[in-house]
Number of protein chains: 2
Amino acid sequence: MKYKIEKDPDPNQCEEIFSEAVRRGRMIVVVGRCSVDYEGRTQSYLPDGDRMIVRKPDGNFLVHTDENRKPVNWQPEGSSCKSFVDDGFVLLSESSSPDEVIEVRFDTVYTLSVYSISDDRSVEKYGTEKNIQDYLVENPEYIQDGFRVIEDERDTDVGAIDIFGYDADGSPTIVEIKRRRAGPDAVQQLRRYVENFEEKHEDTERPNGILMAPSLTEGAEGQVGRYGFEFREVPEKMYSTDQSTKLTDFT
Amino acid sequence: MKYKIEKDPDPNQCEEIFSEAVRRGRMIVVVGRCSVDYEGRTQSYLPDGDRMIVRKPDGNFLVHTDENRKPVNWQPEGSSCKSFVDDGFVLLSESSSPDEVIEVRFDTVYTLSVYSISDDRSVEKYGTEKNIQDYLVENPEYIQDGFRVIEDERDTDVGAIDIFGYDADGSPTIVEIKRRRAGPDAVQQLRRYVENFEEKHEDTERPNGILMAPSLTEGAEGQVGRYGFEFREVPEKMYSTDQSTKLTDFT
DNA sequence: AAATCCATTTCGTGC
DNA sequence: GCACGAAGTGGATTT
């Protein structure tokens with residue numbers, strides 16, 4: 001990996017190095033005192049202050065201050081980025097649909113760094129909602145004793161049901177899974193599926209609704225009762241990477 | 001603003017500079033080839049590759065690759081960060097409630113940069129949902145001819161109604177506002193408020209439901225009809241900072 | 001491109 | 001602290 005760092009560069013140096021780095025698709029980091037203007041879906045203005053600007057090869061453009069996880073301003077993947085000198089070094093990043101612009105006007109550039117980095121390795125993730133769902137489909141006894149899975153991700157015209165099946169009595173049952181503490185929105189989601197099923201199958205009985213999550217908020221608990229749904233606890237760690245512990249964790 | 005940049009530092013130099021920079025609450029940027037382990041609410045593993053690690057004074061810890069806006073791994077504000085040498089330079093960032101850990105093991109550190117930046121300037125924002133709501137409360141004729149606002153942000157036990165009022169006929173009306181194209185979730189939100197009001201006021205008629213947004217998705221349009229709600233278009237730019245153009249924009 | 005939903009959502013606000 | 005909902009949500013997946 002090659003890199004180049006310029007300390008206290010003047011505006012013309014910045015312009016030259018930056019524009020070439022953009023052309024070559026480099027990762028660029030500029031740290032300096034600047035003001036930031038954003039206009040697009042909304043607008044914002046940030047007066048002069050010290051910030052770190054990152055331009056990625058894929059077009060992402062980030063303006064970071066010394067705090068917060070999220071950039072204070074940004075542009076999405078695919079954005080263009082021009083630089084020029086106008087009474088100082090200026091960066092202009094533009095994106096389309098929707099049309100949005102960020103203009104960064106530097107009072108001073110402290111450092112300008114260019115990196116030629118690439119990273120084709122993809123991240124392996126565990127413990128997502130999909131992991132829990134897959135596990136429950138394979139081990140339906142954890143949903144309910146005698147539960148039979150009919151369909152994983154059953155599409156309906158109001159969204160996809162996580163798991164659809166029949167309980168031990170043969171009643172249609174809709175299962176909604178949340179990876180963490182469930183709020184009212186989760187109950188409403190389940191309700192939407194249950195009522196849609198009811199409308200579409202007026203000949204059959206109202207399906208059961210089961211909400212599976214580690215816990216419920218108070219509001220969600222009230223709604224689960226009101227709509228006659230069932231809550232079943234999913235131990236937070238049932239989806240551990242260590243498959244051998246699942247059974248014991250769950251019982 | 002002071003800064004210090006070390007090129008191709010060895011693990012011991014990294015450890016020394018990094019730990020002092022953490023102690024002093026500096027903004028730190030490390031670029032190098034590393035693997036990243038995350039364990040917490042979920043887990044992930046990222047094999048060796050070139051990445052940029054940022055540690056902010058407020059404890060935020062970001063691992064960026066050459067693509068995507070979001071860091072591939074991160075820790076929130078308030079996280080601790082230790083560094084040590086173990087067959088190479090290692091960063092360990094820990095946070096609590098929930099307990100989470102990121103470990104970054106460097107194969108090679110290309111650059112280690114430390115910045116003393118501070119930015120007390122706050123960003124000014126325009127064009128949020130709140131801006132639209134405030135405008136409609138002041139100009140209720142844009143909700144409906146003869147509309148009377150009774151309450152802005154009316155709290156209920158199923159959430160806060162954006163605007164509650166009476167239409168020209170004196171019928172209770174619930175208004176839900178979306179800043180952008182509204183989907184089924186927006187209709188369900190409105191439905192929740194309307195049905196809750198109905199339950200709480202069985203003596204009065206069912207309140208009207210009005211959904212205000214720039215446009216509706218197809219699914220949302222069907223549901224608006226099904227539930228007997230009304231959709232009213234909010235021109236995307238009605239909340240422009242230039243107040244003088246609002247009336248013309250809107251008509 | 002549009003729609004839908006998960007996310008280590010993050011972020012703000014109110015209780 | 002928790003709960004609830006907005007966000008320039010981001011991002012993946014499917015249509």
Side-chain angles (χ1 to χ4, degrees), chain A residues 38-44 60 68-77 79 95 97-102 123 125-133 153 155-162 176-186 188-189 192 215-222 236, chain B residues 38-44 60-61 63 67-77 79 95 97-102 123 125-133 153 155-162 176-186 189 192-193 215-222 236 239:
Chain A
Y38 156 69
E39 270 193 55
R41 281 164 292 185
T42 70
Q43 301 106 255
S44 74
N60 274 294
N68 295 320
R69 185 171 339 174
K70 285 178 66 171
V72 65
N73 279 118
W74 68 91
Q75 285 283 37
E77 193 178 336
S79 304
S95 60
S97 59
D99 288 347
E100 306 198 281
V101 185
I102 287 182
V123 60
K125 293 185 173 185
Y126 315 95
T128 63
E129 180 178 300
K130 192 66 176 61
N131 294 145
I132 304 175
Q133 187 169 332
E153 286 292 316
D155 274 328
T156 75
D157 51 7
V158 292
I161 293 169
D162 286 340
E176 174 62 30
I177 302 161
K178 289 294 164 202
R179 197 183 52 76
R180 47 175 218 173
R181 192 170 174 79
D185 53 333
Q188 291 299 323
Q189 201 176 336
R192 179 150 47 111
S215 58
L216 291 182
T217 67
E218 202 178 341
E221 194 173 345
E236 199 129 17
Chain B
Y38 156 70
E39 269 192 57
R41 281 164 290 186
T42 71
Q43 300 107 254
S44 74
N60 273 295
F61 186 89
V63 181
E67 47 189 21
N68 292 320
R69 184 173 341 174
K70 285 179 68 171
V72 65
N73 279 118
W74 68 90
Q75 284 283 38
E77 192 177 337
S79 304
S95 60
S97 60
D99 289 346
E100 306 198 281
V101 184
I102 287 181
V123 61
K125 291 185 175 185
Y126 316 96
T128 63
E129 180 178 300
K130 192 67 176 60
N131 293 146
I132 304 175
Q133 187 170 330
E153 286 293 315
D155 273 328
T156 76
D157 50 7
V158 293
I161 293 169
D162 285 341
E176 174 63 30
I177 302 161
K178 289 295 166 203
R179 199 185 49 76
R180 50 175 211 174
R181 191 171 176 82
D185 53 332
Q189 201 177 334
R192 178 151 46 113
Y193 300 139
S215 59
L216 292 181
T217 67
E218 201 177 342
E221 194 174 347
E236 200 128 18
Y239 46 75

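Proteins get letters first, then strands, A, B, ... in listed order; numbering begins at 1 in each. Just the heavy atoms: all of them, side chains too, but no hydrogens, waters or symmetry mates, feed the values below.
Spacing between atom CD1 of A:Ile177 and atom C1' of C:dC5 amounts to 14 Å, rounded to whole angstrom units. Rounded to whole angstrom, the span from the NZ atom of A:Lys130 across to the P atom of C:dA7 amounts to 11 Å. Rounded to a whole Å, the CG atom of B:Asn60 is 13 Å from the C1' atom of C:dT8. A straight line from CH2 of B:Trp74 to P of D:dG11 spans 10 Å, rounded to a whole angstrom. B:Glu67 has its CD atom 10 Å from the P atom of D:dG11, to the nearest Å. Atom CD of B:Glu129 is separated from atom C1' of D:dA6 by 6 Å (rounded to the nearest Å). In this structure, B:Lys125 places its NZ atom 11 Å from C1' of D:dA6, rounding to the nearest Å.
Proximity of B:Arg192 to the phosphate of D:dG5: a side-chain N or O atom is located under 4.0 Å from OP1 or OP2. Regarding contacts with the backbone of D:dA6, every side-chain N or O of B:Gln133 stays at 4.0 angstrom or more from both OP1 and OP2. Between A:Gln75 and D:dG8, a side-chain N or O to OP1/OP2 separation shorter than 4.0 Å is absent.
Taking atom P in both C:dT4 and C:dT8, one finds a spacing of 23 Å when rounded to whole Å. Taking atom C1' on both D:dA6 and D:dG10, the two are 14 Å apart, rounded to the nearest angstrom. Rounded to whole Å, the C1' atom of D:dG11 lies 14 Å from the corresponding atom of D:dA7.
B:Glu39 comes within contact range of no nucleotide atom at all, as no heavy-atom separation falls under 4.0 Å. At a threshold of 4.0 angstrom between heavy atoms, the contacts of A:Asp185 with the nucleic acid are absent.
Using the Watson-Crick or G-U wobble rule with both distances under 3.5 Å, C:dT8 pairs with nothing in any strand shown.
Side-chain N/O atoms of A:Asp155 and base N/O atoms of D:dT14 include no donor-acceptor pair closer than 3.5 Å.
For B:Ala220 against B:Ala182, the heavy-atom pair with the smallest separation is CB-O, 3.4 Å.
Other residues, nucleotides and ligands place no more than 12 heavy atoms under 6.0 Å from the CD atom of A:Glu221.
Salt-bridge annotation for A:Arg69 and B:Glu77: absent, with no side-chain N of the basic residue lying under 4.0 Å from a carboxylate O of the acidic one.
Of the two residues contacting DNA chain D, namely A:Thr217 and B:Asn68, the nearest-nucleotide position lying further toward the 5' end is that of A:Thr217.
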